[in-house]
Amino acid sequence: MDDIAKSVPVIDIQWIRDWKKLRSSDSDHDDFVPSLPPVMATSAISSSSGAEILNRRFKDLPPEELQFDDEIARRREAEANVDIAPGFINSKYECLRPTPYEPKYNRKLVSLLLLLERKRHLDNEPKRSLSYRHAISAIKAYPREIQSSKEAEKIIGVGKKMAEKIKVFLHTGTIEEADKLRYDEQFRTLSLFSKVFGVGVTTARLWWDMGYRTLQEVLASAKLTAAVQLGIELFPDFDQSRGKTKNGDVDLIISSKRPDNMKGFLNKLTRRLIEKNYLKHKLWNSTEIKKISHLERPSAGARQVFDSFEKPSTGIRRQVDLICVQPDELGTAILGWTGSKQFERSIRDYAKKEKNLLLNSQAMHLEQNGKRKKYVVHSEKDAFDMIGIPYLEPELRNC
DNA sequence: GGGCAATACG
DNA sequence: CGTA
DNA sequence: GCCC
């Protein structure tokens, strides 16, 4: 367990230090292990008031910028069969190749495809959205500028229709459907709504259909669950639309060598955090209270998790997920909560289809003639080894 | 044509 | 079922 | 929307 703790990157921000202090002053829990995915420690100093943000409607929103708008040298489409780039791992399994957070090549193309993916997602077309996800991941990992649609179509995950869009892009420098979305009221409003914690595409569209166009209107008129109401109220704090590309969620995975110590641990912890004024009190008046008391039960093992919002001494708020796991779940838990989402889907897909290994964030099982045999995964590296794929640093899992 | 990750919680 |  |  110590090895794991050391191998996991830890963010150096104030509240982590506070946590350490808390930990060292609390001998009851001297063996709890914080584990963190690599998260950029950026934060927004909001210059706008919360009310102003909640009242924004689509025309007031900061422009839907392309992540990148490179001066693309228009590449000649005519000349055919460019070979696929050497060294590119051309597979439908994203987990087999490194994928950077910010690609060096094909950046505008990726930005445009991301808009189309989001559109499919907001239109509740999850399978099409997934297809775009696959193609985008492959292109992000592609080691040079794509020269022609013929070349693009050799990439597994890029089929006929997307190759056609890429062809247009290489000729005109854009993809019309995607470019239009940047100024599309419905698209941008649905995007805004679905950024609220607790709101997915169904709710976002419901609000749109009811005629709401700003979060303030929603807040004033719709009957909301306590959680969603809270999500809206906290939205300005978490707003990251200006100048910020990185999201600051933190997951803490907590485990103990003496699982009996963990009974009520989250409860005690949250009580202390409230005492120290790290937590936003409002939260605990809402639905979350149920979750906490629920976790108090001895609940014979497995996963315990809840989402919370923490207000560190800096005054900046972040979403923090606390996850308590059994010691033998630690490896798969870290792997499972580190992401990216697409990486998790990919590695689970590969494990099952290629190795008969069933993987989730609690365990890995080998399936052989109808029986399931459990394997204990001690670390991320362990998991990669057992599945038989090369280890990837977390910062290269941006599929 | 079938399948697309997998599971907990309200 | 919707969301994380 | 794409792969097998």
Side-chain angles (χ1 to χ4, degrees), chain A residues 90-95 113 116-117 119-139 152-166 177 193-207 224-231 238 247 249-251 266 286-295 297 299 301-309 319-325 329 332-333 335-337 339-355 357-365 367 383 387 397 399:
Chain A
N90 199 7
S91 167
K92 67 167 177 164
Y93 297 115
E94 290 95 343
C95 63
L113 293 177
L116 294 178
E117 188 234 348
K119 170 68 172 164
R120 306 295 183 268
H121 170 69
L122 293 170
D123 285 348
N124 200 16
E125 302 190 83
K127 301 306 155 64
R128 283 195 178 83
S129 172
L130 178 59
S131 271
Y132 277 92
R133 212 43 265 172
H134 285 306
I136 290 163
S137 291
I139 295 171
E153 211 174 336
K154 292 177 183 169
I155 299 173
I156 293 176
V158 176
K160 267 210 140 175
K161 296 180 89 167
M162 275 191 246
E164 183 56 33
K165 293 180 202 297
I166 293 174
E177 187 199 347
F193 288 171
S194 62
K195 279 185 200 159
V196 174
F197 181 88
V199 176
V201 295
T202 304
T203 305
R205 188 165 292 274
L206 188 69
W207 290 349
L224 304 169
T225 66
V228 170
Q229 182 167 339
L230 188 68
F238 293 145
N247 125 12
D249 280 36
V250 175
D251 300 328
L266 282 181
S286 60
T287 62
E288 307 301 40
I289 265 195
K290 274 189 178 167
K291 275 192 182 176
I292 293 171
S293 52
H294 184 242
L295 291 170
R297 288 181 313 178
S299 115
R303 205 188 74 153
Q304 305 169 337
V305 45
F306 70 101
D307 301 320
S308 78
F309 299 89
Q319 181 182 329
V320 180
D321 298 343
L322 304 176
I323 302 111
C324 286
V325 302
E329 296 175 345
T332 47
L335 180 67
W337 285 89
S340 65
K341 177 176 173 181
Q342 193 53 34
F343 176 83
E344 303 302 335
R345 300 165 84 166
S346 172
I347 193 171
R348 292 173 191 195
D349 195 23
Y350 181 90
K352 188 200 276 190
K353 303 282 171 52
E354 307 295 332
K355 304 294 168 87
L357 289 170
L358 311 177
L359 177 66
N360 60 34
S361 60
Q362 288 111 52
M364 184 187 291
H365 290 277
E367 178 144 83
I387 296 169
R397 300 178 196 166
C399 313

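The chains referred to below are lettered A, B, ... by the order of the sequence lines, with proteins before strands, and numbering in each begins at 1. The figures here come from the full heavy-atom set of this structure, side chains too, leaving out hydrogens, waters and symmetry mates. Remember, predicted model here, so these are calculated numbers, not experimental data.
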Exercise. Which nucleotide sits closest to the side chain of A:R345: B:dC4, D:dC2, B:dA5?
Worked result: B:dA5
Exercise. At under 4.0 Å, does any side-chain N or O of A:T203 touch on OP1 or OP2 of C:dT3?
Worked result: yes
For this session: Select one nucleotide: of B:dA6, D:dC2, C:dG2, the one nearest the side-chain heavy atoms of A:T202.
Result: C:dG2
Exercise. Where the side chain of A:N360 meets the backbone of A:Q362, is there a donor-acceptor pair that is under 3.5 Å apart?
Worked result: yes
Problem set entry | Phosphate contact (D:dC3 OP1 or OP2) by A:K92 side-chain N/O below 4.0 Å | no
Problem set entry | Contact under 4.0 Å: A:K352 side-chain N or O vs B:dA6 OP1/OP2 | yes
Exercise. Are the charged groups of A:E354 and A:K92 less than 4.0 angstrom apart, N to O?
Worked result: no
Problem set entry | Separation between the C1' atoms of C:dG2 and B:dA6, rounded to whole Å | 16 Å
Seminar exercise, completed: Side-chain contact check for A:E344: nearest option of B:dA5, D:dG1, B:dC4 is B:dA5
Seminar exercise, completed: A:N360 has its side chain closest, among D:dG1, B:dA5, B:dT7, to B:dT7
Exercise. What interatomic distance, in whole Å, is found between P of B:dA5 and the corresponding atom of D:dC3?
Worked result: 15 Å
For this session: For residues A:I156 and A:S91, report the shortest heavy-atom separation together with the two atoms involved.
Result: CG2-C, 4.0 Å
Exercise. Can you tell me how far the CE atom of A:M364 sits from the CD1 atom of A:I387, to the nearest 0.5 Å?
Worked result: 4.0 Å
For this session: For the side chain of A:S131, starting at C-beta, report the closest nucleotide among B:dT7, D:dC2, B:dC4.
Result: D:dC2
Problem set entry | Any A:R128 side-chain N or O less than 4.0 Å from OP1/OP2 of D:dG1 | yes
